[in-house]
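Here's the structure, in structure tokens; my notes come after.
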Amino acid sequence: MTKNIKNNPNFIPYNPAEIEPKWQKIWEENELYKTPDTKKNKDNYFALTMFPYPSGDLHIGHWYAFTPADAHARYMRMKGYNVMHPQGFDAFGLPAENAAIERNINPKKWTFENINNMRRQFKLMGNSYDWHRELLTCTPEYYKWNQYFFLEMYSNGIAYRKDGPVWWDPIDQTTLANEQVKDGKSERSGAEVIKKMMPQWYLKITDYAEELLEMDELEWPDRIKNMQKNWIGKSNGVEINFDISHLSISEKTITTFTTRIDTIFGVTFLVLAPENKLVDLITTSEQKEAVESYKKLAISTSEIDRTSTERDKTGVFTGSYCKNPLNNEKVPIFIGDYVLSTYGTGAVMSVPGHDQRDYDFAQKYNLPIKIVISPPNWNGENLTEAYTGEGILVNSSSFDGLSSKLAIEKISNLIEKKNFGKKTITYHLRDWLISRQRYWGTPIPIMYDQNGEIHPVSKEDLPVILPDAKEFKPTGQSPLTLDEDFLSINHPKYGKMRRETDTMDTFVDSSWYHLRFASPNPQEKPFNKPKLDSWMPVHQYMGGAEHAVMHLLYARFFNKVLRDLGYFKFNEPYKRLFNQGVLLKDHQKISKRSNPLAPDPLVKEHGADAVRLYLMFLGPWDQGGDWSDESFNGITRWLKRIWNICTRDTSELIQENQKDDIYIKKLSHKTIKKVINDLKIFKFNTAISSLMEMTNLMNKFWDERKISQNAWKESIKIIILLLAPMAPHITEELWEKNGYKFSVHQENLPSWDENLAADEDITIIVQINGKLRDQFVINKNLEDKEIISLALNLEKIKNILESQEIKREIYVKEKLVNFVV
RNA sequence: GGGGGAGUGGUGAAAUGGCAGACACGCAUGCCUUAGGAGCAUGUGCCCAAAAGGCGUGGAGGUUCGAAUCCUCUCUCCCCCA
């Protein structure tokens, strides 16, 4: 600080606590970030971050997600786009209700208090949000359209009600969608889920499975695309029927599904799921007792245990046999709990030679193991584990010698020709279960008459308002079942009706919110089409990878449904996606309870700009990072240096034409090029480091005093502009202090001159056998030959080469010379 | 078990076929200061007292004039799926 004080007795130190609130207020008063739907000579650019759940406080993880995203939006604005960067709250969901139960607070009140607090905290970040477009999904103006789209889907067969096995979360006391179960546990509560039979509402996402696999037009990380692809889980296979006509029951065949029909000649037994309806029909009287007791055991075992690869495979013989249609071999039929009734056909053809689970089962029950696919270098010996790879067929009658690929094709064709079965495509993806037996969500707009028949609420009667409730205890039934006023309707046409009491999965809310940001207010329609078309699809979406197979898949599905219903033409909601990494502290996840890191005190002490810059400087945004209080100092020191050089009294510099002017100019242009190219691809860390380099060198230029006032001022202007997207407050203040017109955020980024950004003097590296031995500086315009001879004449190189013979000379233009000896 | 990503100083990291460690933290020494969780200067990959030199991007091999970067195998960690 001595430097400033010496140079300028009027020096005012950097005080973020004063300037940050000041500018936040001025921005708000001037509606600086209010985004018009069109702006003359500017293209629209929709920069969206995944909106938060209003859990109460914005933690540092939110800062990590939202401030670099804002820097990118600001950067695009300064590149000349009309940028919309909206924010809202994903405001329905269980925590509100759980707070109501635990602390006896009204969920609505709790939610709105949290929203108010978080909106205040959002404003501390200095983000360029257009709050005029804010949306809260828990308001009737918003959820009315959830209901509207649900009815549209219902009348088009996409929403339907079905009784069947569902995942049940015993802590949250509600059903869950398949995507919301991870490793057999509820993604939200962490409880082990159980299977229940219940009628529930579904959306037919499986109709779109094939189209959802098409991701060519998406500029998304491959990782996310792969996760979606794996989740959809398309597999090509064959359904083949094993003959049981000799058993004299109504069923004549057992259908199994396999992706490896090339192993059909290796089938030595069949395993049915214990729940398979055929089991009772085919079990012989001798086996009845054993089968019954096994079934009881299996039903009480969790699905996770049953499919665990660690667990012993068990089963019981049914006493019956079937016939392999391809070779007429007699095949014994077992039941085993590692086969699930809910996947495929509930029966598998077991090929112990080439499937590990079948191999384990065969070992345990002494069943024959037949090898029909030859592993590489196999000479007929027995295997100690299943060979699951592809190979050449053996012991497979006329198909011997074929490759697995070819055999799959030929055998499938034969099976279809002879009517033994058919080629089938299966998907891992299940229809989206959207019913939740909880209160704080969108009521499903359905009524049941006294016969239990389904009647959709008519669109004119929307929204079905979520009533205020008094009791929220999860009982396994929606708390709405306790509200008689809500529940019973006297319908003019159908008489006494009962409302559906389940509410919608909150992922419905986030499946189309981006559309509403583009067109926030129409009361009579879900959105205004010209506005929608001018903003959509979202140009840049930013958020965490945890939503890869939930939100991101649902939103793509919703987009395609609404497209097919004629609302718009675009195929995808989010054109580009960037996933930020996870922010840790002491190598651990930051959480409210165990490892807290509250941003508000940090902002109070160091300022929002410092926190923003530190988070961006940590490392590459997509890799995440580890917060450290110690390294934070680097950024606060640098901000002080920035403040210092941008507020110096320049009167002691000569006005123009000084010796080093060209060098400070070249430095500026190099930095412009580097920062602009880095921000484009979210490399904030290296953009900041090149700005640091520039400030360090500018200090040196100042100390030498061989620069003019004009050149200095020009460089100061450039540094403020380049820093503006990342540190909006300090740059606004310095912009004003340097006499420029409000606001720096409405300026364009400077452009660079390629010639100025390039180096004139080039350092040539001299290597011998690829090892660095010396280096020298040349002028750009030298001939290749001259450069090589210069290199040969270097004292060091001469000494080393004295007793050596040069075999080869390699010259890489303007980079290096390598002598091979 | 399958798929994907990562592994570089004491620390966060940079370099994506051409000077390994930019930038920053920390540390050390010095200066300034009544004081410092302030500022300034210099140094800081490892080995060697220093210089010269050698070694060095998880490990082993390969391609290349040249590899952190490309290829093969392998170890460790993280994520997704079973």
Side-chain angles (χ1 to χ4, degrees), chain A residues 1-6 13-14 178-179 181-184 221-233 303-304 306-310 338 340 343 355-357 385-386 388-389 428 544-546 548-549 579 581-584 586-587 589 605-606 613-620 622-638 640-641 644 674 678 683-697 699-700 703 762-776 796 806-821:
Chain A
M1 201 132 316
T2 52
K3 208 174 214 171
N4 326 306
I5 292 161
K6 263 185 226 153
Y14 172 48
N178 240 18
E179 288 76 18
V181 177
K182 306 268 164 196
D183 294 324
D222 287 340
R223 187 165 59 114
I224 303 292
K225 287 192 189 179
N226 272 329
M227 278 162 78
Q228 291 213 346
K229 201 176 145 212
N230 291 339
W231 185 260
I232 295 166
E303 210 159 285
I304 307 104
R306 284 175 57 171
T307 50
S308 162
T309 48
E310 313 286 294
Y338 72 100
L340 301 177
Y343 276 88
D355 181 286
Q356 192 57 42
R357 289 163 306 177
E385 56 177 12
T388 56
H428 172 255
E546 66 275 19
V549 291
N579 278 133
V582 182
L583 182 70
L584 304 171
D586 309 319
H587 307 286
K589 262 203 154 161
E605 197 180 342
H606 307 283
L613 283 171
Y614 177 66
L615 292 171
M616 292 184 231
F617 185 62
L618 267 189
D622 55 350
Q623 270 177 41
D626 202 359
W627 176 280
S628 136
D629 292 328
E630 270 191 347
S631 16
F632 195 94
N633 293 336
I635 286 293
T636 50
R637 274 179 211 157
W638 181 58
K640 278 181 203 163
R641 282 208 297 276
N644 169 327
K674 174 80 177 145
D678 280 353
K683 294 200 78 178
F684 304 104
N685 57 330
T686 46
I688 292 168
S689 77
S690 73
L691 283 168
M692 286 174 167
E693 260 174 298
M694 177 164 168
T695 41
N696 290 347
L697 289 168
N699 254 329
K700 289 220 164 76
D703 290 343
I762 293 159
T763 306
I764 295 287
I765 305 304
V766 186
Q767 298 180 331
I768 291 170
N769 288 343
K771 277 208 149 96
L772 171 78
R773 294 300 168 176
D774 207 353
Q775 56 190 48
F776 63 107
K796 254 187 179 171
I806 299 173
K807 284 194 190 138
R808 225 176 127 182
E809 295 164 358
I810 290 136
Y811 174 64
V812 181
K813 199 153 183 54
E814 293 169 7
K815 275 194 179 140
L816 61 81
V817 185
N818 187 13
F819 297 111
V820 185
V821 298

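In this text the structure is predicted, and so the values were computed from the model without any measurement. Scope of the values below: all heavy atoms of this structure, side chains included, with no hydrogens, waters or symmetry mates. Every chain is numbered from 1, with letters handed out A, B, ... down the list of sequences.
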Worked check of side chain to side chain contact (heavy atoms under 4.5 Å, CB included) between A:Met692 and A:Ile635: CA-CA 10 Å; A:Met692 286 174 167; A:Ile635 286 293; 3.9 Å; yes
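With both ends at atom P, the span from B:U33 to B:C23 equals 30 Å, rounded to whole Å. A gap of 31 Å separates the C1' atoms of B:U16 and B:G53, to the nearest Å. The same atom, P, is picked in B:G58 and in B:A24; the two are 25 Å apart, to the nearest Å. B:U11 and B:G62 are spaced 30 Å apart, taking the P atom of each and rounding to whole Å. Between the C1' atoms of B:C65 and B:A14, the separation comes to 26 Å (whole Å). Atom P of B:G9 sits at a distance of 10 Å from the matching atom of B:G59, rounded to the whole Å. Taking the P atom of each, B:G43 and B:U34 are spaced 28 Å apart, rounded to whole Å. Spacing between B:A68 and B:G4 at atom P, rounded to whole Å, works out to 25 Å.
B:G45 shows a glycosidic angle more than 90° from 0 and is accordingly assigned anti.
In this structure the side chain of A:Trp638 reaches within 4.5 angstrom of the side chain of A:Leu691, judged on heavy atoms. Side-chain contact check for A:Gln228 versus A:Asn226: every heavy-atom pair is 4.5 Å or farther apart.
Once rounded to the nearest 0.5 Å, the distance linking NE2 of A:His606 with CG of A:Asn633 reads 7.5 Å. In this structure, A:Ser631 OG and A:Leu618 CG are separated by 7.5 Å, a value rounded to the nearest 0.5 Å. Separation of atoms CG (A:Asp703) and NZ (A:Lys700) is listed at 8.5 Å; rounding is to 0.5 Å.
Nucleotide B:G39 holds its C1' atom 18 Å from the CH2 atom of A:Trp638, rounded to whole Å. Rounded to a whole Å, the NZ atom of A:Lys640 is 16 Å from the P atom of B:A24. Atom-to-atom, NZ of A:Lys700 to P of B:C40 comes out at 12 Å; the value is rounded to the nearest Å. Here B:C81 presents its P atom at 13 Å from CD of A:Glu546, a figure rounded to the nearest Å. Between A:Leu613 atom CG and B:C23 atom P there is a gap of 18 Å when expressed in whole angstrom units. Distance A:Gln356 CD to B:A82 P: 19 Å, rounded to the nearest Å. A:Arg223 places its CZ atom 12 Å from the P atom of B:C79, with the value rounded to the nearest Å. One atom, CG of A:Asn230, and another, P of B:C79, lie 17 Å apart when rounded to the nearest Å.
Pairing of B:G17, defined by two Watson-Crick or G-U wobble distances under 3.5 Å, is not identified with any nucleotide. Pair assignment for B:G1: B:C81, on the basis of Watson-Crick or G-U wobble contacts that are both within less than 3.5 Å. Under the Watson-Crick or G-U wobble criterion, with both distances below 3.5 Å, B:U8 has no partner in any strand shown. Figure legend. B:C46 is base-paired to B:G54; pairs are counted as Watson-Crick or G-U wobble with both atom distances under 3.5 Å. In this entry B:U29 has B:A41 as its Watson-Crick or G-U wobble partner, both defining distances falling under 3.5 Å.
Dashed line: the shortest gap from a side-chain N or O of A:Asn696 to OP1 or OP2 of B:A24 is under 4.0 Å. Within the 4.0 Å cut-off from OP1 or OP2 of B:C23, not a single side-chain nitrogen or oxygen of A:Arg641 is found. Distances shown here put a side-chain N or O of A:Lys182 below 4.0 Å from the OP1 or OP2 atom of B:C81. Contact annotation: A:Arg637 side-chain N/O to B:A24 OP1/OP2 distance is not under 4.0 Å. Between A:Asn633 and B:G37, a side-chain N or O to OP1/OP2 separation shorter than 4.0 Å is absent.
Summarising the local packing, NZ of A:Lys225 is surrounded by more than 12 heavy atoms from other residues, nucleotides or ligands at distances under 6.0 Å.
Among the atoms of the strands shown, none is found under 4.0 Å from any heavy atom of A:Asp222.
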Review item, nucleotides 12-16 of chain B N/O atoms under 3.5 Å of protein N/O:
from: B:G12; atom 1: O2'; to: A:Leu618; atom 2: O; distance (Å): 2.6
from: B:A14; atom 1: OP1; to: A:Asn685; atom 2: ND2; distance (Å): 2.9
from: B:A15; atom 1: OP1; to: A:Lys683; atom 2: NZ; distance (Å): 3.3
from: B:A15; atom 1: OP2; to: A:Lys683; atom 2: NZ; distance (Å): 3.4

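Remark: A:Ser690 pairs with no residue by the side chain to side chain donor-acceptor pair (under 3.5 Å) rule, at least two apart or across chains. Qualifying side chain to side chain donor-acceptor pair (under 3.5 Å) partners for A:Gln356, counting only residues two or more places apart in sequence or in other chains: A:Asp360. Listed by chain and number, the residues in a side chain to side chain donor-acceptor pair (under 3.5 Å) with A:Thr388 amount to none (sequence neighbours excluded). Residues forming a ring pair (Phe, Tyr, Trp, His ring centres under 6.0 Å) with A:Trp627 (at least two apart in sequence, or on another chain): A:Tyr614, A:Phe632.
Out of B:C25, B:C23, B:G37, the shortest distance to the side chain of A:Glu605 is found at B:G37. Looking at the side chain of A:Glu693, the nearest of the listed nucleotides B:C25, B:C40, B:C23 is B:C23.
In this structure, A:Asn230 contributes its side chain and A:Met227 its backbone to no donor-acceptor pair below 3.5 Å.
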So if I define the base as every atom that isn't primed, P, OP1 or OP2, how would nucleotides 65-73 of chain B read as a B/S/- string at a heavy-atom cutoff under 4.0 Å? B--------
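When the nearest nucleotides of RNA chain B are assigned to A:Glu179 and A:His606 by heavy-atom distance, the more 5′-ward of the two goes with A:His606.
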